[in-house]
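See below for the structure under consideration.
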Amino acid sequence: QVQLVESGGGLVQAGGSLRLSCIASGSTFSINAIGWYRQAPGKQREEVAVRLSGGNTNYAESVRGRFTISRDNAENAVTLQMNSLKPEDTGVYYCNAHLLVWETSGETPTWVPHVYWGRGTQVTVSS
């Protein structure tokens, strides 16, 4: 079992900055991709930024140039630095990870793919 724990949300004025962190812990695992999604009130959850295992990153067009995703491999952590925040960035931000988890419950131990979500952290940007 793997847990994703997020931190760093809060209330900030437009133009301000926030830094979100997510730490993955638990069973033996390997990270294929880890990143952030957000969900605004009344809207569907959307991808914000994702970092792939090879180091490539994907950003939503709406945050490109303002947000930066980075990963601490030693800590199995990912951070999202959010600058020049806008009211439309308001929402609940969720950490998401695509992992290979080492499972030993079967006849033969093997790597099994799983997708995990954190509980979310609220980001509110006031105008």
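Taking CG of Leu100 as the start and CD1 of Ile31 as the end, the distance is 10.5 Å to the nearest 0.5 Å. Going from atom OG1 of Thr57 over to atom CZ of Arg64 covers 8.0 Å, rounded to the nearest 0.5 Å. With values rounded to the nearest 0.5 angstrom, Leu52 atom CG is found 11.5 Å from Ile34 atom CD1. Taking CD of Glu47 as the reference point, atom CH2 of Trp36 lies at 13.5 Å (rounded to 0.5 Å). Rounded to the nearest 0.5 Å, atoms OG (Ser70) and CG (Asp72) are 8.5 Å apart. Rounded to the nearest 0.5 angstrom, Leu20 CG and Cys95 SG are separated by 9.5 Å.
For the pair Thr104 and Pro109, the tightest heavy-atom approach, listed with the atom from each and the gap, is CG2-CB, 4.0 Å. When all heavy atoms of Ser127 and Pro87 are compared, the closest pair comes out as CB-CG, 3.8 Å. Closest non-hydrogen pair, Ile69 versus Gly35, comes out as CD1-CA, 3.8 Å.
Of the listed residues (Val125, Val123, Val12), just one forms a side chain to side chain contact (heavy atoms under 4.5 Å, CB included) with Met82, and that residue is Val123.
Residues Leu80 and Val50 are members of separate hydrophobic clusters, defined by side-chain heavy-atom contacts under 4.5 angstrom among Ile, Leu, Val, Met, Phe, Trp and Tyr. A continuous path of Ile, Leu, Val, Met, Phe, Trp and Tyr side chains, each step under 4.5 Å between heavy atoms, connects Val63 with Leu18, placing both in one hydrophobic cluster.
Under the 4.5 Å side-chain criterion, counting only non-hydrogen atoms from C-beta, Pro113 is not in contact with His98. The side-chain heavy atoms of Tyr116 and Val101, taken from C-beta on, include a pair separated by under 4.5 Å. Using a 4.5 Å heavy-atom threshold, the side chains of Gln44 and Gln39 count as separate. Two residues are said to be in side-chain contact when any heavy atoms from C-beta on lie closer than 4.5 Å; Leu99 and Asn32 fail this criterion.
Using a cut-off of 4.0 Å between Lys/Arg side-chain N and Asp/Glu carboxylate O, Glu46 and Arg38 are scored as salt-bridged.
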Exercise for the section: Verify side chain to side chain contact (heavy atoms under 4.5 Å, CB included) between Glu88 and Ser62, making sure each step is shown before the conclusion. Expected result: CA-CA 9 Å; Glu88 50 263 45; Ser62 60; over 6 Å; no

Handout entry: side chain to side chain contact (heavy atoms under 4.5 Å, CB included) evaluation trace for Phe67 with Asp89
Key = CA-CA 11 Å; Phe67 292 9; Asp89 294 317; 3.9 Å; yes

Handout entry: Step-by-step side chain to side chain contact (heavy atoms under 4.5 Å, CB included) determination, Tyr59 to Thr68
Key = CA-CA 9 Å; Tyr59 292 96; Thr68 302; 3.9 Å; yes

Problem - CA sep, side-chain torsions, deciding dist, call: Tyr37, Val92, side chain to side chain contact (heavy atoms under 4.5 Å, CB included) - result: CA-CA 8 Å; Tyr37 285 67; Val92 179; over 6 Å; no

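Judged by distance alone, the side chain of Thr121 and the main-chain N or O of Gly9 form a donor-acceptor pair under 3.5 Å. In this structure, Glu103 contributes its side chain and Thr110 its backbone to no donor-acceptor pair below 3.5 Å.
Judged by the 6.0 Å distance and 45° axis criteria, Arg45 is positioned over the aromatic ring of Tyr94.
More than 12 heavy atoms of other residues, nucleotides or ligands shown are found within 6.0 angstrom of CD on Gln122.
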